[in-house]
Number of protein chains: 2
Amino acid sequence: MKTIRVVIVDDQELVRKGFKLIISSFSGMAVAFEAESGGDLLQQLKAKTIRQLPHIILLDLSMEGMDGVETSKFLAKNYPNIHVAILSMHFTPAIVNLMISLNACAYFKKNTNSTELEKGLRKIAEKGNYFTEEVYEMIRKGNINHSNAKKEVINEDLLTERERQVLDLICQEYETKEIAEMFDLGIRTVESHRRNLMVKTKARNMAGLVIYAISNNLFNPSKSNKISKLI
Amino acid sequence: MKTIRVVIVDDQELVRKGFKLIISSFSGMAVAFEAESGGDLLQQLKAKTIRQLPHIILLDLSMEGMDGVETSKFLAKNYPNIHVAILSMHFTPAIVNLMISLNACAYFKKNTNSTELEKGLRKIAEKGNYFTEEVYEMIRKGNINHSNAKKEVINEDLLTERERQVLDLICQEYETKEIAEMFDLGIRTVESHRRNLMVKTKARNMAGLVIYAISNNLFNPSKSNKISKLI
DNA sequence: TTTCCACTCCGTAGTAACACTTAAATATGT
DNA sequence: ACATATTTAAGTGTTACTACGGAGTGGAAA
């Protein structure tokens, strides 16, 4: 079992330390690092290598400077494979709805107990999302448009993190050379990832890779603007 | 406006003639041909060129030999771009559900009046599906799993029929040469279709075409078996 | 410590896809 | 019968992708 790397983003140091202690006590989980703001988070992320990137980011909504909403948008765009779990005091349908549409995979209230938190984090690592009973309640009441919600990923383990990154860009029509430049890799490296992706997914070509990605919720077509406009 | 070509499949000649008269009276619609059974239909379809193929097949469920269910399966697999509308006396959730999961785009009761039929046929030609108030009622009551239902196509007119056929096969990972063989065309012809598809959809490569097809419900990923099995 | 795996990269080669242009045959609608 | 759209196809490239084998590094797990 791989260690689940979690990052805590909150402007209050006491909150960060508290969550760090709690999460560290969960077996197979570790707090990779902490950040006190969105900007701080991005700066630290940028300095990390691929295998230092967290699997899950616990993101506080109310922060100085770049707040949770802005940060979420940025993460969804630039780190699509990192799961973003929201941590907030506020719990209204409007804000939950917004965050879920911004690709958040979970929404925890700040007074969540450690059992619930552990369960949630494990579910996120396992299948990509986790909804608390309270969020489900909102969905049932129709207060949340869960059509935009992050979908469960069927087989989270088949592909490695780098492979998922590459797959995401393939689905966005980038070609090998461009992907290599974006990650600052050699073309041959990206070609290797591509080949391994095809072997693992039993795809014959790019079309197969895209179908796989969409079928397994590794890529959301709505990220692309390929939907014909209504006249 | 293109003429909407409809085909009627029913084992009773009187029913066929009746529907033929009714449909012929709708402006911009014509009955391309009739068939008295599933086998008969397939035989006649095989003899048609691409531009003689019907847009919509009105399919009776209760027939001798190859029945409506079998025929639907075959059509979904071999003529994915022809809209199949079911025509039946039976109207139970079970059977409606089955047919919708088999890619039927509409379900008419046999005593449907001509106004409703005309409206339905036009909607099908325009956006790919049509649900009567009764079917909606079933969906509302939860008797129908409409997640498998044929989705609305946003822009039905952008692509030609041949282009849609080619696009479908591209999404199934066939390469140009194979597609050419399947339709008995030259490779350069398929390359032309491919090129036109890319221009029309503003795609850079196959990945873009697949994303377009899925985003606009021209291809259903579930047709592919790329969903990772749960362990 | 050693094994394992993810990530990185190279060489060589063949093939499919992509780019751009042109244009004839064939239906279709009016 | 005429204008229009679709389908078919060709020439002539260039580029990107696919295939296969091999290999070094560093980090994490056993």
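In the text below, chain A, chain B and the rest are named by the order of the sequence lines, each starting its count at 1. Heavy-atom basis, side chains included; hydrogens, waters and symmetry copies ignored.
Residue A:K200 is the one, among A:K200 and A:T189, whose nearest nucleotide of DNA chain C lies closer to the 5' end (criterion: closest heavy atom). Residue whose closest nucleotide on DNA chain D sits further toward the 5' end, between A:A207 and B:G186: B:G186. When the nearest nucleotides of DNA chain C are assigned to B:R204 and A:V190 by heavy-atom distance, the more 5′-ward of the two goes with A:V190.
Rounded to an integer number of Å, the gap from B:N196 CG to C:dA23 P is 17 Å. Distance, B:E191 CD to C:dT21 P: 16 Å, rounded to whole Å. Between the CD1 atom of B:I187 and the C1' atom of C:dA19 there is a distance of 17 Å, given to the nearest Å. Distance B:L159 CG to D:dT7 P: 10 Å, rounded to the nearest Å. Spacing between atom CD1 of B:I170 and atom P of C:dA17 amounts to 8 Å, rounded to whole angstrom units. Between A:Q52 atom CD and C:dC7 atom C1' there is a gap of 13 Å when expressed in whole angstrom units. Residue A:L209 contributes atom CG, which lies 18 Å from atom P of C:dA16 at whole-angstrom precision. In this structure, CZ of B:R51 is placed 12 Å from P of D:dA5, rounded to the nearest angstrom.
Side-chain N/O atoms of B:K177 include one lying less than 4.0 angstrom from OP1 or OP2 on C:dA16. When the side-chain nitrogen and oxygen atoms of A:T3 are compared with OP1 and OP2 of D:dA29, one or more of them lie within a distance under 4.0 Å.
The listed nucleotides are D:dC20, D:dT7, D:dT8; the one nearest the side chain of A:R195 is D:dC20. Distance from the side chain of B:H193 is smallest to D:dT8 among D:dT8, D:dT18, C:dT8. The listed nucleotides are C:dT26, D:dT18, C:dA6; the one nearest the side chain of A:M198 is D:dT18. Of all nucleotides listed (D:dA9, C:dC18, C:dC7), C:dC7 comes nearest to the side chain of A:E161. For B:L185, the side-chain atoms get nearest to D:dA9 when compared with the rest of C:dA16, C:dT26, D:dA9. The side chain of A:M206 approaches D:dT18 more closely than any other nucleotide in the set C:dA6, D:dT7, D:dT18. Among C:dA19, D:dT18, C:dC7, the nucleotide with an atom closest to any side-chain atom of A:I50 is C:dC7. Checking C:dC10, C:dC7, D:dA9 against every side-chain atom of A:R188, the shortest atom distance belongs to C:dC10. The side chain of B:R162 lies closest to D:dT8, out of D:dG27, D:dT8, C:dC18.
Of the listed residues (B:R194, B:H193, B:K200), just one forms a side-chain hydrogen bond (donor to acceptor under 3.5 Å, both in side chains) with B:E163, and that residue is B:K200. Just one residue in the list A:L169, A:T189, A:I50 forms a side-chain contact (heavy atoms from CB on, under 4.5 Å) with A:F183, and that residue is A:L169.
Between B:L218 and B:V153 the shortest heavy-atom distance is CD2-CG1, 4.0 Å. Summarising the geometry of A:D40 relative to A:E36, their closest heavy-atom pair is OD2-N, 3.0 Å, with the distance given to 0.1 Å.
Heavy atoms of B:T176 sit under 4.0 angstrom from primed sugar atoms or phosphate atoms, though from no base atom. Within 4.0 Å (heavy atoms only), B:T49 reaches no atom of the nucleic acid at all. Using a 4.0 Å heavy-atom distance criterion, B:T160 is classed as a sugar-phosphate-only contact.
Seen from the ring of B:F33, B:K48 counts as a face-on cation partner, given the 6.0 Å and 45° thresholds.
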**Check against side chain to side chain contact (heavy atoms under 4.5 Å, CB included), A:N129 and A:K151** = CA-CA 7 Å; A:N129 70 8; A:K151 304 260 179 21; 5.7 Å; no

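For A:S192 against C:dC9, a side-chain-to-base donor-acceptor contact under 3.5 Å is present.
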